[in-house]
Amino acid sequence: MENDEIMAKIDQNIAEVRKEIAQAQNASPFQKEVTLMAVTKTVDVDRINHAIDTCGIRCIGENRVQELCEKYPLLHLDGVSVHLIGSLQSNKVKYIIDKVDMIHSLDSLSLAKEIHRQAQKHNRTMDCLIEINIGREPSKGGILPEEAELLAFYDAVTEAAPAVRIRGLMTIAPNTGDHDAYLHYFSQTKSLFDMLCENRLSKRNDVKPVLSMGMSGSYREAILCGSDIVRIGSKIFGARVYPDKQNPVAGAR
Ligand SMILES: *Cc1c(COP(=O)(O)O)cnc(C)c1O
């Protein structure tokens, strides 16, 4: 495809996604505002800047620290929030602590402590979402979907890592492609989120809770179940092409 065609396709895709988000919002019992995050892993800087400048994308998500750091200085980020959505190793927190507005993949106390340490160095707090492994999949990050475990993790983080500000939950549903399965996993995640809000988040007045769920194949279901942020990559930018052929799923988790 020619460059103009590629950009026109992105415009068209974003328009379509926005229309479907609006339809799902109307059909949803929750009537929430929904943030459209453009997931930009493997997407080159020109296409990302086009989505920002021409299509008004105001939230982007990257998976890999190195890729984010390489693209970061070239992105048009005025008024755009940048989220880290992929699994994060503690030793890489220092590279992104001054670049991202939110981390969606908090799932261990050691990671929370390192985010706290780096955030303090930069005199800031870091908004984080606790990742829930809603399908209990061994290959995925996140903590198990157990109420007691979630509350204990929240308490441990707020105690040991006060510069980490937990804003809510993120989940990646098992990639079944099945409408009812998505509804099942997302409504379970919403219940955990409500439980966390009721028992912890509502007791603070400094956080608007955030529930991050839904991807290209599942964002309508996620919105029907009360998602606040949908993370959409391939439906906006087309199928991902991984530069490293040895490792075709690098960063895809
Ligand atoms: C890649 C990715 C997405 C977007 O996936 P698509 O199916 O391309 O929309 C969303 N969330 C996370 C955590 C991802 O890694």
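One-based numbering, in listed order, for ligands and for the atoms of each.
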Ligand 1 to Ser234, heavy atom cutoff 4.0 Å, flagged ligand atoms 6 (P), 7 (O), 8 (O), 9 (O)
Quick note on ligand 1: atoms under 4.0 Å from a heavy atom of Ser216 include exactly 6 (P), 7 (O), 8 (O), 9 (O)
Using atom types as modelled and distance alone, determine if a side-chain donor or acceptor of Arg18 lies under 3.5 Å from a backbone N or O of Leu36.
no
Exercise. Salt-bridged, Glu62 to Lys99, with N to O below 4.0 Å?
Worked result: no
So the atoms of ligand 1 within less than 4.0 Å of a heavy atom of Ile172 turn out to be 13 (C)
Is any NZ, NE, NH1 or NH2 atom of the basic residue among Arg117 and Glu114 found under 4.0 Å from an Asp or Glu carboxylate oxygen of the other?
yes
Near Ile232 (heavy-atom distance under 4.0 Å), the atoms of ligand 1 are 9 (O)
Under 3.5 Å: N/O of Ile85 near N/O of ligand 1:
no
task: Assess Lys41 for proximity to ligand 1: is some non-hydrogen atom of it under 4.0 Å away?
output: yes
**Message:** Looking at ligand 1, is there an atom of it that comes within less than 4.0 Å of some heavy atom belonging to Arg240?
**Reply:** yes
*Spell out, as yes or no, whether a donor-acceptor pair under 3.5 Å connects the side chain of Thr40 to the backbone of Val43.*
no
*Test item: Lys203 side-chain N/O and Glu198 main-chain N/O as donor-acceptor pair under 3.5 Å*: yes
Contacts of Leu224 meeting side chain to side chain contact (heavy atoms under 4.5 Å, CB included) (sequence neighbours excluded), chain-then-number -> Ala27, Ser28, Leu183
Quick note on ligand 1: atoms under 4.0 Å from a heavy atom of Arg231 include exactly 4 (C), 9 (O), 10 (C), 11 (N), 12 (C), 13 (C)
Q.
Within the 3.5 Å criterion, strictly below it, is a donor on Gln66 or Glu70 matched to an acceptor on the partner's side chain?
A. yes
Any heavy atom of His104 under 4.0 Å from ligand 1? The part involved is neither
One finds that the ligand 1 atoms under 4.0 Å from a non-hydrogen atom of Gly233 are 4 (C), 6 (P), 8 (O), 9 (O)
